[in-house]
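Counting convention: from 1, in listed order, for ligands and their atoms alike.
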Amino acid sequence: MSTVSKLVALLTLTVGCHGSPFGHFAPHVVVCNGTEQLRPTYDYVIVGGGTSGLVVANRLTENPHISVLVIERGYLLVLHPPILPGLAVPNKYLRTDTSIPQSGLNNRTAPLYTGDVVGGGTVVNGMFFARGARADYDAWEQLGNPGWGWDGLLPYFKKSETFTPPIEEIQEMFPGVISSGLEPHGIDGPVGSSFSNYQYPVIGKLHLPLTSWITQPDIFSSRTENFFAGWDSIGVAINPQPNNGEATGAFYSTISAYAKNQSRAHASNAYYRPVANVRRNLHLLTGHTVSKINFDKELKAVSVDATNETSTVRSSREIIMAAGAARTPQILQLSGIGPEPLLSSLGIETIVNLPGVGSNFQDQPTLYMQFSYGNYTFPSPDWILSNASWAAEQLDVYYKNRTGPMTVPYLGGSTVAFLPLQNITSDYHSIIASTSPVNLSSLLPLSTHPSIIAGYREQIKLLESFYSSAHAAVAEIAWEGGNTLPLAIIRPSSRGSIYINTTDPSAASVVDFNTFSHPIDMAIAVASVKKIRDWASSPPMQALGTVEIFPGKNVSTDAEIEEAIRDAATSSWQHPSSTTAMMRRELGGVVDDELRVYGTKGLRIVDSGVFPMVVAGHTSSSVYAVAEKAADIIKAAWV
Ligand SMILES: Cc1cc2nc3c(=O)[nH]c(=O)nc-3n(C[C@H](O)[C@H](O)[C@H](O)COP(=O)(O)OP(=O)(O)OC[C@H]3O[C@@H](n4cnc5c(N)ncnc54)[C@H](O)[C@@H]3O)c2cc1C
Ligand SMILES: *[C@@H]1O[C@H](CO)[C@@H](O)[C@H](O)[C@H]1NC(C)=O
Ligand SMILES: *[C@@H]1O[C@H](CO)[C@@H](O)[C@H](O)[C@H]1NC(C)=O
Ligand SMILES: *[C@@H]1O[C@H](CO)[C@@H](O)[C@H](O)[C@H]1NC(C)=O
Ligand SMILES: *[C@@H]1O[C@H](CO)[C@@H](O)[C@H](O)[C@H]1NC(C)=O
Ligand SMILES: *[C@@H]1O[C@H](CO)[C@@H](O)[C@H](O)[C@H]1NC(C)=O
Ligand SMILES: *[C@@H]1O[C@H](CO)[C@@H](O)[C@H](O)[C@H]1NC(C)=O
Ligand SMILES: *[C@@H]1O[C@H](CO)[C@@H](O)[C@H](O)[C@H]1NC(C)=O
Ligand SMILES: *[C@@H]1O[C@H](CO)[C@@H](O)[C@H](O)[C@H]1NC(C)=O
Ligand SMILES: *[C@@H]1O[C@H](CO)[C@@H](O)[C@H](O)[C@H]1NC(C)=O
Ligand SMILES: *[C@@H]1O[C@H](CO)[C@@H](O)[C@H](O)[C@H]1NC(C)=O
Ligand SMILES: CC(=O)N[C@H]1CO[C@H](CO)[C@@H](O)[C@@H]1O
């Protein structure tokens, strides 16, 4: 009772609401409509106004009788100038944490990026917008979560999306590469999903050899066609529809953009701005960092503490965590929800001993290979950085016409190859056999709770079946046509952690990706580098005069390739996930299949931390779908 009564007089915020959320704001403003003041109590308080938080806020406030406050540490995006697809996102929206030294990377550290702004990761991300494979979500379901498989999530992928097929010129450039069919897409959801209106040209005719895909000579006008022809020539399938659950092969991906104006679609312009002015029941508090969740005697979450002016906001129904996989664990741990030994070592009273909070951390290690293209002297994506006069001309074209290179996401190609292990090497059985008898507990810290090791074992069983599946990609090779070619190991077996080491809420957590701790991740990376070399040596790629610059031809044995990867790879493909997994408690899970935090009442998590395993691909479309489903689950409790 004492907690509750303390909370009644808690509101020390002095600011009022502003009439319009579209202006410039001083720190600590309450963004809402009309003249209302921040209320002492809301039905729901959502922690984090990023991707998932804004989806849930929008859907809950469809009911005018439900009040929602979103608390976001960042600020509203300044809309002018807008963030163009083709330009780097200003650093002020990007937060960078640094991992501890990674032994798998020869003791180098690795950055962990997040978007600290209303809209979160989708404001700063690479706009790549493909779904994972059916296998990814079905694995979530198999880990004890009925309804979270591909079939259960598909309606929510659709609900979040408005798909628009590519313009005719792009379709004609890539016969058979892009399906313009509306199935399996959504057609009236908030997030634009489409294609850039531009392809970097190849000037002059390249006499490419005919392949099963290239059936007529001289049709080439884009270097991306060389990319596809190259993969086709070495037996990789071209997949015109990667969004129907079969996310394998070489494909041209959808991006999160509105087709009509070729601009970025993000959670703020999709889910917040359209309703901000019309829903009096939706409040957004920016520039405030939530540091703690408070519980009553029945372990019901009743309020949150937000720093800047130390203030507390109450929720009468639920508190919904949406601070992202990188941050939600910190807030839970500071609040006494987490591994008891960690909490007691910091003098934090344990409210619920939940060992999984901050464990099971997954991201996808990435190696940036470098190539040069000797025959290729025309505009290149690298010119955005290196040729200022050209970049200025292209900016002009974009503003006048919504065409040209500025419609292509900055250094983020949407042409990719997603390869199952059997399409990387015919020797895949021996890779699986030589890396599978691993003592999993030895890959995690000594004090790891047995439930976490049990959950890890369940995941590895599923992963082993995926490594021999034709329908589950393990490596992604992305190419926008420039010198850099990222290779990401998208279905990793390594597991890291994010734990606090201080009670100071403004300090960063200890981020340990534990990259390459499981040997199969490195074996896949080495095999993938060799596969990329086959592609680069294929006649279609050689027509561009392709030469590998890094790691380079003198790095040739498996051991040399492995050493080059340890010296140069990074831990993250910007898809941090799974730190508060939706799994059974005896498997180290943190939330149940209705996203409720075990041992508590009135507390859910809706961000990418709940993915039991990272999606083998990019995460944003899945974050939207999961949050849409979460909103329906929460609403179901109203009836
Ligand atoms: C640089 C980058 C590139 C990426 N590229 C792609 C891509 O090309 N394609 C793709 O699909 N995905 C990409 N992603 C990943 C994708 O954007 C994320 O998976 C997704 O946005 C995560 O959504 P979320 O709701 O889990 O977290 P977020 O969107 O990160 O939202 C969390 C929010 O909580 C706020 N917050 C954190 N702590 C607190 C606190 N204590 N108090 C109050 N607020 C807090 C944060 O400021 C943030 O706004 C990228 C991500 C990044 C960072
Ligand atoms: C990394 O650090 C550990 C611990 O300090 C040390 O034992 C190891 O030799 C280092 N590895 C490399 C490659 O430097
Ligand atoms: C993988 O290889 C198999 C067998 O050669 C082939 O049938 C399949 O299309 C390939 N898949 C991809 C994604 O390339
Ligand atoms: C583009 O269109 C979308 C959808 O209509 C809108 O939300 C967005 O603000 C527009 N962006 C720009 C830069 O005009
Ligand atoms: C509090 O606000 C000030 C600006 O007034 C800002 O510099 C500081 O970083 C904020 N602190 C936190 C913890 O958000
Ligand atoms: C820069 O772009 C211009 C076209 O705008 C082109 O003429 C010039 O050759 C380019 N310069 C370099 C160094 O590539
Ligand atoms: C403007 O767009 C049209 C098609 O929408 C295109 O034909 C034209 O080339 C573009 N102009 C420039 C300068 O890019
Ligand atoms: C596995 O590793 C753990 C932790 O290092 C160790 O205690 C255990 O004995 C190992 N088990 C086997 C079978 O080697
Ligand atoms: C916590 O860990 C970080 C490294 O991530 C380190 O820089 C910092 O000194 C540690 N703080 C404490 C109090 O141990
Ligand atoms: C491309 O360059 C290579 C040498 O790097 C050359 O052998 C080849 O003929 C060139 N191809 C074309 C189409 O110009
Ligand atoms: C390959 O060559 C580069 C540059 O000449 C050099 O830095 C690197 O050490 C060499 N690597 C090997 C494995 O010989
Ligand atoms: C319900 C309500 O007060 N709506 C107002 C919100 O603010 C806009 C302008 O910012 C007004 O046009 C609405 O009438």
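- Residue R327 has at least one heavy-atom neighbour below 4.0 Å for each of these atoms of ligand 1: 37 (C), 38 (N).
- Residue-level proximity to ligand 1 for I71 is carried by the backbone, the only part with a heavy atom below 4.0 angstrom.
- For H288, every heavy-atom contact with ligand 1 shorter than 4.0 Å involves the backbone, none the side chain.
- For atom 27 (O) of ligand 1, the closest non-hydrogen atom of the protein is G324 CA, 3.6 Å.
- Taking CG from L87 and CD1 from I384, the interatomic distance works out to 6.5 Å, rounded to the nearest 0.5 Å.
- In terms of polar-atom proximity, G126 is counted as a contact of ligand 1, with an N or O under 3.5 Å from an N or O of the ligand.
- For atom 13 (C) of ligand 8, the closest non-hydrogen atom of the protein is N439 ND2, 4.3 Å.
- Near D607, meaning under 4.0 Å from any of its heavy atoms, are these atoms of ligand 1: 26 (O).
- Distances below 4.0 Å separate heavy atoms of T289 from the following atoms of ligand 1: 40 (C), 41 (N), 42 (N).
- Ion pairing of K461 with E464 is absent here, as no side-chain N (NZ or NE/NH1/NH2) approaches a carboxylate O to less than 4.0 Å.
- Among protein heavy atoms, the minimum distance from atom 25 (O) of ligand 1 is reached at S52 OG, 2.7 Å.
- Using a cut-off of 4.0 Å between Lys/Arg side-chain N and Asp/Glu carboxylate O, E318 and R604 are scored as salt-bridged.
- The residue among R73, R131, K292, H575 with a heavy atom at the shortest distance from atom 44 (N) of ligand 1 is R73.
- Contact annotation: for H618 versus ligand 1, heavy atoms closer than 4.0 Å belong to both the backbone and the side chain.
- With respect to atom 12 (C) of ligand 9, the closest heavy atom belonging to the protein is N501 ND2, 3.3 Å.
- W140 has its ring centre less than 6.0 Å from the ring centre of F611.
- If you check which protein heavy atom lies closest to atom 1 (C) of ligand 1, you get Q574 CG, 3.5 Å.
- Defined by atom type and a distance below 3.5 Å, a donor-acceptor pair is present between the side-chain atoms of R327 and T114.
- Among protein heavy atoms, the minimum distance from atom 4 (C) of ligand 9 is reached at I100 CG2, 4.3 Å.
- The G115 neighbourhood of ligand 1 comprises atoms 46 (C), 47 (O), 48 (C), 49 (O), with distances under 4.0 Å to a heavy atom of that residue.
- How far OG of S359 is from NE2 of H449: 10.5 Å, rounded to the nearest 0.5 Å.
- The parts of T51 lying near ligand 1 are both backbone and side chain, judged by heavy-atom distances below 4.0 Å.
- Distances between N or O atoms of S608 and those of ligand 1 include at least one value under 3.5 Å.
- Atom-to-atom distance recorded for T579:OG1 and I605:CD1 is 7.5 Å, nearest 0.5 angstrom.
- Listed here is the closest heavy atom pair of V614 and S577: CG2-OG, 3.4 Å.
- At a distance under 4.0 Å, a protein heavy atom can be found next to atom 2 (O) of ligand 8.
- In terms of polar-atom proximity, L94 is not counted as a contact of ligand 1, lacking any N or O under 3.5 Å from an N or O of the ligand.
- Residue M127 touches ligand 1 through its backbone alone, judged by heavy-atom distances below 4.0 Å.
- Looking only at heavy atoms of the protein, atom 47 (O) of ligand 1 is closest to E72 OE2, 2.6 Å.
- Nearest non-hydrogen protein atom to atom 12 (N) of ligand 1 is S620 N, 3.5 Å.
- Counting heavy atoms only, V290 comes closest to atom 40 (C) of ligand 1 of the residues V290, N125, V606.
- Checking N294 against S303 by side-chain atom types alone, a donor-acceptor pair falls below 3.5 Å.
- When only interatomic distances are considered, the shortest N/O to N/O separation between G121 and ligand 1 falls below 3.5 Å.
- When only interatomic distances are considered, the shortest N/O to N/O separation between D116 and ligand 1 falls below 3.5 Å.
- Residues L105 and F516 form a side-chain contact, since some pair of their non-hydrogen atoms from C-beta on lies under 4.5 Å apart.
- Here the side chains of L54 and V56 are not in contact, with every heavy-atom distance at 4.5 Å or above.
- Distances from atom 32 (C) of ligand 1 to the heavy atoms of P576, A322, G48 show the closest one on A322.
- Remark: aromatic rings of Y113 and Y93 are distant, center separation not under 6.0 Å.
- Nearest protein neighbour of atom 31 (O) of ligand 1, counting heavy atoms only, is G50 CA, 3.3 Å.
- Looking from atom 18 (C) of ligand 1 to the surrounding protein, the closest heavy atom is T619 OG1, 3.8 Å.
- A salt bridge links D136 with R491: the distance from a Lys NZ or Arg NE/NH1/NH2 to an Asp or Glu carboxylate oxygen falls below 4.0 Å.
- The shortest N or O to N or O distance between I331 and ligand 1 is not below 3.5 Å.
- In terms of heavy atoms, L154 sits closest to P184 at CD1-O, 4.2 Å.
- In this structure, W479 and F227 have parallel ring planes: the angle between them is below the 30° cut-off, well short of the 60° mark.
- There is no protein heavy atom closer than 4.0 angstrom to atom 7 (O) of ligand 8.
- Aromatic ring pairs are classed by plane angle as parallel below 30°, tilted from 30° to 60° and perpendicular above 60°; the pair F128 and F418 is parallel.
- Nearest protein neighbour of atom 53 (C) of ligand 1, counting heavy atoms only, is Y113 O, 3.4 Å.
- Counting the atoms of ligand 1 from 1 in the order shown, those under 4.0 Å from a heavy atom of G120 are 29 (O), 49 (O).
- Scanning both residues, V511 and Q102, for their nearest heavy atoms gives O-NE2, 4.4 Å.
- At a threshold of 4.5 Å between non-hydrogen side-chain atoms, the residues H283 and V68 do not count as touching.
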